[in-house]
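Naming: A, B, ... by sequence-line order, numbering from 1 per chain.
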2 protein chains.
Amino acid sequence: MDADNHVEDLVNLVFEVTGRLRNGFNATASELGLPPAQALALTRLDAPAPMRDLAEWLSCDASNVTGIVDGLEQRGLVTREPSPTDRRVKFLVLTKAGERKRAELNTLTTTKATQLFKLPAGEQKQLRELLTKVLAE
Amino acid sequence: MDADNHVEDLVNLVFEVTGRLRNGFNATASELGLPPAQALALTRLDAPAPMRDLAEWLSCDASNVTGIVDGLEQRGLVTREPSPTDRRVKFLVLTKAGERKRAELNTLTTTKATQLFKLPAGEQKQLRELLTKVLAE
DNA sequence: AGCATATAGTTGAGATTCTCAACAGTTGAG
DNA sequence: CTCAACTGTTGAGAATCTCAACTATATGCT
């Protein structure tokens, strides 16, 4: 058996980074008066999308999305618009306020993450390439 | 303005990886009959620790820990033992079943994460070093 | 067309997670 | 001894999440 279990080390590192990232995100969400799940959903609403897509992005049950969108709707950030082609689906569309909130959220999130990942340009490039490879599966 | 906003790319990559990791972890937790938060807590109970420490590790309120530990206790995975030196604090100690569950959880989690991060040894080393640097503050 | 099957979203029930304010008991410093 | 700080709990209430059941709609098959 390998004396140096590098894989486990890597997993621990990734989990630590993940934890910090999550805390940072939840903090900025809270600053903007958003619960974590609603904030996360907001980041995915780049363009109008069916609720189904959101469910897949968030890897959760459709009924869960209903609740999250209810929250966003109550806050006046999104509206549910009927699809012209399929009367079952509802498109989620950001309101003006929703657009603004999304922009703020993105800015703050990127700022905070950038702060965490402040590395020399060369190493940032390395990191990007490695992660791209990981996701390429 | 920089035409190539690499930082944002990096942030997106990291968030994507984070999401997959979270989904994988929640799935294994579910396989073991554990809710996510309780599973996460279990991973930190390497050794007996005061509830306070757990609250810091999880970056959450003490009252939240009470609930999570209640769950773990109901499942027979941990017990609350009084500290011999400070009568305010309670140490969380894994039961036999708790030890087993924790071991299973760690194994499955590492396995799944390893699958995600299957890279040539050299690149894994690079990734480890980069992430270490990130965490070094 | 008619009919079976699949899909989108909602609802209700119930467990879990989380924050906040208030509290009891304990500790430790001045 | 007294006061401030700390540990864990409780209660209230919002939010998240899964599951099963349901409505309405769409699609494929014959």
Notebook entry, point to check: Once you build an axis from the first five pairs and another from the last five of the helix from dA1(C)-dT30(D) to dG30(C)-dC1(D), how far apart in angle are they, to 10 degrees?
Noted result: 30°
Can you tell me how far [atom2] of [N] sits from [atom1] of [X], to the nearest Å?
{"X": "Leu72(B)", "N": "dT17(C)", "atom1": "CG", "atom2": "C1'", "answer": "13 Å"}
{"X": "Lys90(B)", "N": "dG25(C)", "atom1": "NZ", "atom2": "C1'", "answer": "10 Å"}
{"X": "Asp53(B)", "N": "dC6(D)", "atom1": "CG", "atom2": "P", "answer": "14 Å"}
{"X": "Asp70(A)", "N": "dG9(C)", "atom1": "CG", "atom2": "P", "answer": "13 Å"}
{"X": "Phe91(B)", "N": "dT7(D)", "atom1": "CZ", "atom2": "P", "answer": "12 Å"}
{"X": "Glu73(B)", "N": "dT16(C)", "atom1": "CD", "atom2": "P", "answer": "14 Å"}
{"X": "Glu81(A)", "N": "dG9(C)", "atom1": "CD", "atom2": "C1'", "answer": "16 Å"}
{"X": "Arg52(B)", "N": "dT9(D)", "atom1": "CZ", "atom2": "P", "answer": "12 Å"}

Note to self: Do Val89(A) and Val69(A) land in one hydrophobic cluster if side-chain heavy atoms of ILVMFWY residues count as linked below 4.5 Å?
What the structure shows: no
Checklist line | salt bridge (Lys or Arg N to Asp or Glu O under 4.0 Å) pairs, two or more places apart, involving residues 96-106 of chain A | finding: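 Sorted pair list: Asp46(A)-Arg102(A).
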Item checked: Verdict with reasoning, Glu129(B) to Lys133(B), per salt bridge (Lys or Arg N to Asp or Glu O under 4.0 Å) -> CA-CA 6 Å; Glu129(B) 288 170 355; Lys133(B) 205 160 177 179; over 6 Å; no
In a table with atom names and distances, give each donor-acceptor pair under 3.5 Å that connects a side chain of residues 30-45 of chain B to protein atoms at least two apart or in another chain.
{"from": "Gln38(B)", "atom 1": "OE1", "to": "Arg75(B)", "atom 2": "NE", "distance (Å)": "2.8"}
{"from": "Thr43(B)", "atom 1": "OG1", "to": "Leu40(B)", "atom 2": "O", "distance (Å)": "2.5"}

Anything under 3.5 Å between a donor and an acceptor, one on a side chain of residues 13-22 of chain B, the other on a protein residue two or more places apart or in another chain? List them.
{"from": "Glu16(B)", "atom 1": "OE2", "to": "Arg20(B)", "atom 2": "NE", "distance (Å)": "3.4"}
{"from": "Thr18(B)", "atom 1": "OG1", "to": "Val14(B)", "atom 2": "O", "distance (Å)": "2.8"}

Margin query: According to salt bridge (charged side-chain N to carboxylate O under 4.0 Å, His left out), who are the partners of Arg88(A), at least two apart in sequence or on a separate chain?
Written below: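 Expected list: Asp86(A).
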Item checked: Flag, side chain of Gln124(B) to backbone of Phe117(B), donor-acceptor distance under 3.5 Å -> yes
Notebook entry, point to check: How many angstroms lie between OG in Ser59(B) and CG in Asn26(A), if you round to the nearest 0.5 Å?
Noted result: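 So the OG of Ser59(B) and the CG of Asn26(A) are separated by 9.5 Å.
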Item checked: Smallest separation among heavy atoms of Thr66(B) and Arg80(B), with atom names ->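 Closest heavy-atom pair between Thr66(B) and Arg80(B): O-NH2, 4.0 Å.
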Note to self: If the cut-off is 4.0 Å, is Thr66(B) near the phosphate of dT9(D), judged by side-chain N/O to OP1 or OP2?
What the structure shows: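 Yes, within the criterion.
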Margin query: Walk along nucleotides 15-28 of chain D from 5' to 3' and tag each nucleotide B, S or - by protein heavy-atom contact under 4.0 Å, base first, then sugar-phosphate.
Written below: SSBBB----BBS--
